[in-house]
Amino acid sequence: MLSPSYQKLKDLLSTTIDSKRILTNPLQTLAYGTDASFYRLIPKIVILAHNETEVIEIIRQAKKLDIALTFRAAGTSLSGQAITDSVLVVATHGWKNFELLDNNQKIKLEPGIVGARANTFLAPHGLKIGPDPASIGAAMIGGIVANNASGMCCGTAQNSYQTIADIRIILHDGTLLDTADSNSISDFKQNQKGLIQEIENLRDQIKNDETLYHLIKNKFKIKNTTGYSINALVDYEDPIDIIKHLMVGSEGTLAFISNVTFKTVIDEKYKSCSLLIFKTIQDACNATILLKSAPVAAVELLDRESIRSVENDPDAPEYFKTLPESACALLVECRDNDLTILNQKQDEIRLQILSIPTYSHYEFTRDPKKYYFNWKARKGLLPTVGGLRKNGTSVIIEDVAFPLPQLAEATLALKDLFKKYEYHDAVLFGHALEGNLHLVFSQDFSNQTEVDRYEKLMSELAILVVDRFNGSLKAEHGTGRNMAPFVEKEWGVTAYQIMKRIKTIFDPNNKINPDVLINPDPKAHLKNLKPMPESHAIVDKCMECGFCEPHCVSEGLTLSPRQRIVIAREISRLEENKEDLQRLTEIKKDVTYQLDETCATDGLCALACPVYIDTGKFVKEWRANKVSNSDKKTAAYIGSHMAQTTAGMRFGLGFISGCHNLFGTQIMTLLSNGFHFISFGKIPKWIPEMPKGANKINTHQQQ
């Protein structure tokens with residue numbers, strides 16, 4: 001049952017939004033409320049908003065009732081940014097419009113467009129968007145901007161912050177600002193004078209504080225998404241430009257992003273890559289320093305554990321299994337629109353690192369199979385490692401950055417830290433050119449001892465990154481819930497107060513995605529942890545990354561593959577614990593249609609899944625387990641008597657067609673409806689389009 005305020009919100013919104021898109025049943029709120037992080041909150045209401053008018057109405061009505069809102073697109077966030085126990089507003093379907101502008105030099109995109117899809121719009125023009133996260137095949141534009149996504153090849157030069165041209169946002173009171181519209185800007189400046197003044201005051205405060213000014217400048221020389229993008233207050237003078245860039249990386253805590261315009265970047269025609277194996281991490285990091293001034297598009301680091309996680313892939317080279325424990329790989333990408341220049345770049349790269357010996361010979365390749373495998377191995381590392389974890393554990397990804405000269409020392413220090421706390425499956429990989437490392441490991445949250453171990457690891461990680469190496473605790477995945485308690489540690493009191501003021505300026509009542517990014521609870525990262533119970537061998541390795549969702553034909557009608565797995569896990573958990581039988585009953589009431597009957601079982605999800613989970617195969621087994629013995633016997637009888645069955649069906653269809661010819665359409669319809677009613681729906685209704693029985697096929701060839 002909804003509380004009175006939430007029920008009132010639902011009733012009010014139902015007058016303007018289709019009630020079928022205002023979800024309150026336990027199955028749907030759990031399914032839609034899940035993201036890729038290791039946190040779980042179940043929303044009271046999920047609203048599938050389809051346009052700006054609906055969002056404005058949701059914001060205004062929620063504000064009147066003092067109800068918190070969280071906005072979400074794909075839900076591929078890794079740090080808990082996209083979950084809530086209040087109202088979740090999902091902006092996916094209905095948010096797919098785009099527009100090419102200024103001779104294709106810009107592209108306007110709505111938040112529900114998948115990043116890879118945006119690139120397909122630009123590909124015919126030899127262009128793409130700047131951000132290129134590993135999740136670009138599933139992540140949507142709303143989240144890409146809200147988390148200041150970067151990725152493999154864009155570095156900091158072409159991330160969301162650097163390539164944003166304009167943005168359209170809706171504030172906590174329904175006020176709309178479109179930075180591409182001079183009239184909208186004029187109205188905003190007239191009606192939001194207080195907000196504009198606050199932004200100008202913050203800008204001036206920072207510029208008058210030399211210590212704070214240089215702190216901000218230095219912190220953003222490397223990748224940094226810890227806290228708000230307060231570099232906007234240093235990089236820009238005009239308050240509208242500042243607001244525009246503050247929205248990037250704000251994680252949905254300041255406003256709703258209705259659309260964004262990116263400056264497009266060149267997508268070179270020719271691409272080659274090579275996997276360089278070095279004897280040690282030190283050699284790989286020293287090579288990275290030299291490659292910084294080489295004509296490379298990307299340099300990705302994979303430690304020995306990362307290589308081991310993909311060495312059993314069918315396309316993996318055999319030598320992966322023979323590498324020494326100290327080995328480290330660099331995946332080096334080279335790009336150009338001229339094939340001759342591409343080859344010259346490859347030669348320059350070789351010369352640049354000639355002083356550092358590689359473990360084995362290497363070649364740059366444009367061969368599609370080899371090229372694809374190299375990048376598949378890198379981009380799929382997070383879910384691949386997650387698929388290797390012990391059942392019942394969560395996969396954790398932390399995301400840090402260091403000044404490049406200290407990358408080797410920092411990498412070894414991180415390895416020592418994982419050894420200290422016995423995280424033996426931990427892997428390190430990331431964007432070496434930016435000093436950016438992803439730390440992936442499995443974590444059991446089922447008992448307090450394990451939670452305490454995680455707490456100690458995180459506390460010491462913060463000390464190592466901030467105090468020892470002056471790095472970033474979050475380089476590109478966003479602060480979220482898991483790093484919110486450490487924002488002040490990284491930035492210091494003065495800068496953190498600036499961030500708190502930014503939150504208050506845009507969200508004075510703390511009702512827009514509260515507790516994300518700014519959270520006073522020092523143990524917030526240890527609460528609301530997602531249970532990961534065993535459910536079925538086919539799906540137990542799923543880490544709920546959401547990579548499958550764009551490929552699912554039933555997503556949007558009922559559930560996606562990820563959501564089906566979420567529901568199956570919850571049923572398993574409730575059945576095992578017997579803690580909430582009413583909730584179990586409510587979920588089971590809708591599960592047949594939502595999980596089973598609407599799954600196409602076509603296996604398309606497995607093609608996109610880095611660990612090849614075929615949710616369709618799981619659903620087939622689910623169906624088989626739900627079938628009664630009598631139904632199984634009936635199916636077996638039909639299967640072994642197909643000739644008699646089809647003959648009976650031909651006769652039945654022929655008989656019905658004859659009745660139609662005898663009685664006419666009107667009487668036949670009345671009779672059909674009557675039989676359907678008295679049989680309680682077991683006899684299907686007849687319709688005029690129903691075919692008559694076909695003639696039996698003569699399988700004997702005539703001589």
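For this chain, numbers begin at 1 and follow the sequence in order.
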**Study point:** salt bridge (Lys or Arg N to Asp or Glu O under 4.0 Å) evaluation trace for K8 with D11
**Key:** CA-CA 5 Å; K8 186 173 182 180; D11 294 341; over 6 Å; no
Counting only heavy atoms not in [X], do more than 12 sit closer than 6.0 Å to its [atom1] atom?
X	atom1	answer
K589	NZ	no
K530	NZ	yes
K63	NZ	yes
L65	CG	yes
R117	CZ	no

Revision key, fill the gap. What one should report as the nearest heavy-atom pair of V487 and L517 is CG2-O, 3.6 Å
Check your understanding: What are the two closest non-hydrogen atoms of T598 and S554, and how far apart are they?
Key -> O-CB, 3.2 Å
Check your understanding: Given the rule in the salt bridge (Lys or Arg N to Asp or Glu O under 4.0 Å) test, do E544 and R562 qualify, once you have shown the distances and angles that lead to the verdict?
Key -> CA-CA 6 Å; E544 301 175 10; R562 168 170 66 173; over 6 Å; no
**Study point:** Pairing of E597 and R623 as salt bridge, 4.0 angstrom limit
**Key:** no
Exercise for review: Applying salt bridge (Lys or Arg N to Asp or Glu O under 4.0 Å), run through E575 and K588 and close with a yes or a no.
Suggested key: CA-CA 11 Å; E575 286 180 337; K588 281 189 169 183; 2.7 Å; yes
Check your understanding: Taking the six-membered ring for Trp, are the ring centroids of H245 and Y161 within less than 6.0 Å of each other?
Key -> yes
For [Y], is there any backbone N or O sitting under 3.5 Å from a side-chain donor or acceptor partner on [X]?
X	Y	value
K541	R389	yes
K271	E268	yes
T264	Q105	yes
E534	N391	no
D507	I512	yes

Practice item. Using the ring pair (Phe, Tyr, Trp, His ring centres under 6.0 Å) rule, take W95 and F256 through it: C-alpha gap first, then chi angles, then the decisive distance, then the call. Key: CA-CA 13 Å; W95 300 90; F256 173 82; 5.3 Å; yes
Check your understanding: Do C609 and F547 have side-chain heavy atoms sitting under 4.5 Å apart?
Key -> no
Check your understanding: Is any side-chain heavy atom of R569 closer than 4.5 Å to a side-chain heavy atom of M532?
Key -> yes
Practice item. Evaluate the criterion salt bridge (Lys or Arg N to Asp or Glu O under 4.0 Å) for residue pair E570 and R40; output intermediate values, then yes/no. Key: CA-CA 12 Å; E570 181 68 353; R40 186 172 91 166; 2.9 Å; yes
Check your understanding: Any chance the side chains of N147 and Q81 put a donor and an acceptor closer than 3.5 Å?
Key -> yes
**Study point:** Gap separating the CD1 atom of I167 from the OG atom of S258, nearest 0.5 angstrom
**Key:** 9.5 Å
Check your understanding: Looking at CG of L78 and OG of S37, how far apart are the two atoms once the value is rounded to the nearest 0.5 Å?
Key -> 8.0 Å
Practice item. Name the orientation class of the two ring planes belonging to H438 and F429 (parallel below 30°, tilted from 30 to 60°, perpendicular beyond 60°). Key: perpendicular
